[in-house]
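Only one structure is covered here, and it is reproduced in the block below.
Just so it is clear, the model here is predicted, and its values are computed rather than measured.
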Amino acid sequence: MDMGITRVEKNIFSQNTDEIASELVQSLSNSDNSILLFKVLALAVKNNAEFVRSLDESIFEDADIFREKYVTLLKHALSQAVDVPTGITDSGVPSTEVVRSYTPKELSVFLE
């Protein structure tokens, strides 16, 4: 895909995640489309197995819980779209991966 998410779009989405989730739950609550969209996203987003295992059909009975789960899912989907760790991993352990930094001298070795 040749379409990425810009830093501005990422920030806007992050700031509006709660509102987006509320709109999805409220505007689609008259039909099963909101539930179907949630399920498709939950199963399609990568590195999401632990979150999916924690879900059951009862979340759809309470709009507040459903919205909270949507928020969690949307934040994770955004992080996967921009390749930023969120702390949701298949193992359930928060991600603590450290990125090594290199000095210019160390980098020059790769250019030779």
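Judged purely by atom type and a 3.5 angstrom limit, His76 has no side-chain atom pairing as donor or acceptor with the backbone of Phe51. Listed for the Tyr70 side chain is a donor-acceptor partner under 3.5 Å among the backbone atoms of Phe38.
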Show, in sequence, the C-alpha distance, side-chain angles and deciding distance for Arg7 and Asn11, and conclude whether the side-chain contact (heavy atoms from CB on, under 4.5 Å) test is met. CA-CA 6 Å; Arg7 182 175 295 268; Asn11 290 338; 3.9 Å; yes
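Among residues two or more places apart in sequence or in another chain, the side-chain hydrogen bond (donor to acceptor under 3.5 Å, both in side chains) test is passed with Glu9 by Thr6. For Asp56, the side-chain hydrogen bond (donor to acceptor under 3.5 Å, both in side chains) partners at least two apart in sequence or on another chain are Ser58. Looking at residues two or more places apart in sequence or on another chain, you find a side-chain contact (heavy atoms from CB on, under 4.5 Å) between Ile20 and Phe13, Asn16, Leu24, Leu74.
A salt bridge does not link Arg67 to Glu23: none of the charged side-chain nitrogens sits closer than 4.0 Å to a carboxylate oxygen.
How far NZ of Lys75 is from OG of Ser79: 11.0 Å, rounded to the nearest 0.5 Å. Rounded to the nearest 0.5 angstrom, Glu68 CD and Thr72 OG1 are separated by 7.5 Å.
For the pair Lys39/Glu57, a side-chain contact is recorded, criterion being any heavy-atom separation below 4.5 Å from C-beta on.
When hydrophobic clusters are built by joining Ile, Leu, Val, Met, Phe, Trp and Tyr residues whose side-chain heavy atoms come closer than 4.5 Å, directly or via intermediates, Leu55 is grouped together with Leu37. When hydrophobic clusters are built by joining Ile, Leu, Val, Met, Phe, Trp and Tyr residues whose side-chain heavy atoms come closer than 4.5 Å, directly or via intermediates, Leu41 is grouped together with Phe60. Linking ILVMFWY residues whenever their side-chain heavy atoms come closer than 4.5 Å, directly or via other members, leaves Ile12 and Leu78 in distinct clusters.
Nearest heavy atoms, Val71 versus Thr17: O-CG2, 3.7 Å.
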